[in-house]
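Worksheet for the structure shown next.
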Protein chains: 2
Amino acid sequence: MEQPTIAERLINSHIKPSYSRIKIMEYIVNERSHPTVEEIYNELLIELPTLSKTTVYNTLYVLMKAKLIRLITIEENETRYDADLSEHGHFKCERCGSIYDFCISLENNSIEGLNGFLIDDKNVYFKGVCQSCLANKNNN
Amino acid sequence: MEQPTIAERLINSHIKPSYSRIKIMEYIVNERSHPTVEEIYNELLIELPTLSKTTVYNTLYVLMKAKLIRLITIEENETRYDADLSEHGHFKCERCGSIYDFCISLENNSIEGLNGFLIDDKNVYFKGVCQSCLANKNNN
DNA sequence: GTTCCTGCAAAAGCTTTGCAGAAGA
DNA sequence: TCTTCTGCAAAGCTTTTGCAGGAAC
């Protein structure tokens, strides 16, 4: 089964596949680091020297509205983006700042208090210390 | 079993129970609406006309560090606070903006991908449309 | 020619910081 | 007296908005 290209995915969502948009979407899909606006902007500036943050914001808004990406708000002061729309959780290491994905499935019937509610979006965010940082601590 | 008062809870956490701090903590505990800074400030201004937002921010920071309250970041642009530290999820209705609590328990052993990780904090945020808004829609 | 994408600059909004006066021990 | 709590004002950041030039079709 062929994976659609980034451009095809944009077209399928009725978004014109401009070079900037392809690059921004591509970056979020390939880098699985759940980048911030700042990271996307700084990284793509190398390849697109005229890129502006406005375009990054505009594009992220367009991609979000088309539900090609989604927002991650683990921390109040940093908005991140994720192109993986499957149900999974995010773990942020408070020591090194890395974000890890993990598998989790929340069955609606195991939830009390939301009977008759329409659930569009589920987010699971954990924080703590990752295995790698825990291991390093012992070596220090 | 006696519940400790707000002042006692502050003292137990080595926080001086000033009037502002008691009122702010009290507001978060009593109002179970998970208020924003803005809401806390505006509401308490009635009773404490000289209150400043700086004091609200300062106090929230102190309470957070003492783990008497916790941050809720369902949306990127609104930071909310919750004094209920028990494990529960938050549902935000995208139509009326209300936030509902719901029961959920995440067993660590049902999570794949975080073996050997230290988990400090778990957050579950859902979005959608609440029962009440769904019912109203039919009446409109 | 028309649409809409891009990017500069300015504005807006929230949060933090610096500092001085006030309150409390 | 000494500490620290409070609050004004300013600064800092991120995000949004207005608008004009430019690319694409």
Side-chain angles (χ1 to χ4, degrees), chain A residues 6-11 13-28 34-66 68-81 97, chain B residues 6-11 13-28 34-66 68-81 97:
Chain A
I6 300 291
E8 284 164 359
R9 291 177 64 185
L10 295 182
I11 293 165
S13 295
H14 311 290
I15 298 169
K16 278 198 194 169
S18 75
Y19 195 64
S20 311
R21 286 173 174 173
I22 291 171
K23 283 295 164 188
I24 291 168
M25 178 73 182
E26 200 172 72
Y27 184 75
I28 301 170
H34 316 304
T36 61
V37 169
E38 199 63 28
E39 284 163 7
I40 297 167
Y41 173 71
N42 284 331
E43 193 58 37
L44 294 181
L45 208 54
I46 300 165
E47 222 180 323
L48 302 164
T50 68
L51 183 69
S52 74
K53 268 193 193 169
T54 306
T55 299
V56 178
Y57 279 110
N58 283 340
T59 302
L60 292 172
Y61 178 75
V62 168
L63 297 176
M64 284 246 302
K65 259 195 19 188
L68 289 173
I69 60 173
R70 64 174 185 166
L71 223 67
I72 303 178
T73 52
I74 307 186
E75 305 278 8
E76 347 98 72
N77 54 356
E78 55 175 39
T79 307
R80 294 175 172 275
Y81 298 87
Chain B
I6 300 290
E8 283 164 357
R9 292 176 64 183
L10 295 182
I11 293 165
S13 296
H14 311 291
I15 297 169
K16 277 196 194 170
S18 75
Y19 195 65
S20 311
R21 287 173 174 173
I22 291 172
K23 284 294 164 190
I24 291 168
M25 177 74 182
E26 200 172 72
Y27 184 74
I28 301 170
H34 315 304
T36 61
V37 169
E38 199 63 29
E39 284 162 7
I40 297 166
Y41 172 70
N42 285 331
E43 193 57 37
L44 293 182
L45 209 54
I46 300 164
E47 219 179 324
L48 302 164
T50 67
L51 183 67
S52 74
K53 268 193 193 169
T54 306
T55 299
V56 178
Y57 279 109
N58 284 340
T59 302
L60 293 173
Y61 178 75
V62 168
L63 296 177
M64 283 247 301
K65 259 197 14 190
L68 289 173
I69 60 173
R70 63 174 185 166
L71 222 68
I72 303 178
T73 51
I74 307 186
E75 306 277 8
E76 345 98 72
N77 53 358
E78 53 173 41
T79 307
R80 295 175 171 276
Y81 298 86

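Because only heavy atoms are used, hydrogens play no part in the values below, and waters and symmetry mates are left out as well, while side chains stay in. Keep in mind that what you see is a predicted model, and the values were worked out from it rather than measured.
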For Leu10(B) and Met25(B), the nearest pair of non-hydrogen atoms, with its separation, is CD2-CG, 4.4 Å
Could you pull out the closest heavy-atom pair between Arg9(A) and Leu68(A), with the gap in Å?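 Smallest heavy-atom distance, with atoms named: O-CD1, 4.2 Å.
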How many whole angstroms separate atom [atom1] of [X] from atom [atom2] of [N]?
X        : N       : atom1 : atom2 : value
Leu60(A) : dC5(C)  : CG    : P     : 15 Å
Glu38(A) : dT15(D) : CD    : P     : 9 Å
Ile24(A) : dT6(C)  : CD1   : C1'   : 10 Å
Ile11(A) : dA24(D) : CD1   : P     : 15 Å
Ile22(A) : dC5(C)  : CD1   : P     : 13 Å
Ile40(A) : dT15(D) : CD1   : P     : 10 Å
Ile15(B) : dT3(D)  : CD1   : C1'   : 17 Å
Tyr61(A) : dT15(D) : OH    : C1'   : 13 Å

Residue set satisfying salt bridge (charged side-chain N to carboxylate O under 4.0 Å, His left out) with Arg80(A), at least two apart, ordered chain then number -> Glu39(A), Glu78(A)
Which pairs would a plain distance check flag for residues 44-54 of chain A, meaning a side-chain donor or acceptor within less than 3.5 Å of a matching protein atom at least two apart in sequence or in another chain?
| from | atom 1 | to | atom 2 | distance (Å) |
| --- | --- | --- | --- | --- |
| Glu47(A) | OE2 | Lys23(A) | NZ | 3.1 |
| Ser52(A) | OG | Thr54(A) | N | 3.4 |
| Ser52(A) | OG | Thr55(A) | N | 3.2 |
| Ser52(A) | OG | Thr55(A) | OG1 | 3.3 |
| Lys53(A) | NZ | Glu38(A) | OE1 | 2.7 |

Next on the checklist: For dT15(D) and Tyr57(A) - does any side-chain N or O of the residue sit under 4.0 Å from the phosphate oxygens OP1/OP2?
Outcome noted: yes
Is there any protein nitrogen or oxygen under 3.5 Å from a nitrogen or oxygen in nucleotides 5-9 of chain D, and what are the pairs?
| from | atom 1 | to | atom 2 | distance (Å) |
| --- | --- | --- | --- | --- |
| dC5(D) | OP2 | Arg21(B) | NH2 | 2.8 |
| dC5(D) | O5' | Arg21(B) | NH1 | 3.2 |
| dC5(D) | O5' | Arg21(B) | NH2 | 3.1 |
| dT6(D) | OP1 | Ser18(B) | OG | 2.6 |
| dT6(D) | OP1 | Ser20(B) | OG | 3.1 |
| dG7(D) | OP1 | Thr50(B) | O | 2.6 |
| dG7(D) | OP1 | Thr50(B) | OG1 | 2.7 |
| dG7(D) | OP2 | Ser52(B) | N | 3.3 |
| dG7(D) | OP2 | Thr55(B) | OG1 | 2.9 |
| dG7(D) | O5' | Thr50(B) | O | 3.1 |
| dC8(D) | N4 | Thr54(B) | OG1 | 3.0 |

#### Entry: side-chain hydrogen bond (donor to acceptor under 3.5 Å, both in side chains) partners of Ser13(B), counting only residues at least two apart
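Listed in chain order: nothing, the list is empty.
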List for me each residue that meets side chain to side chain contact (heavy atoms under 4.5 Å, CB included) alongside Val37(A), sequence neighbours excluded, and say none if there are none.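 Scan of Val37(A) (side chain to side chain contact (heavy atoms under 4.5 Å, CB included), adjacent residues dropped) gives Val56(A), Tyr57(A), Leu60(A), Tyr81(A).
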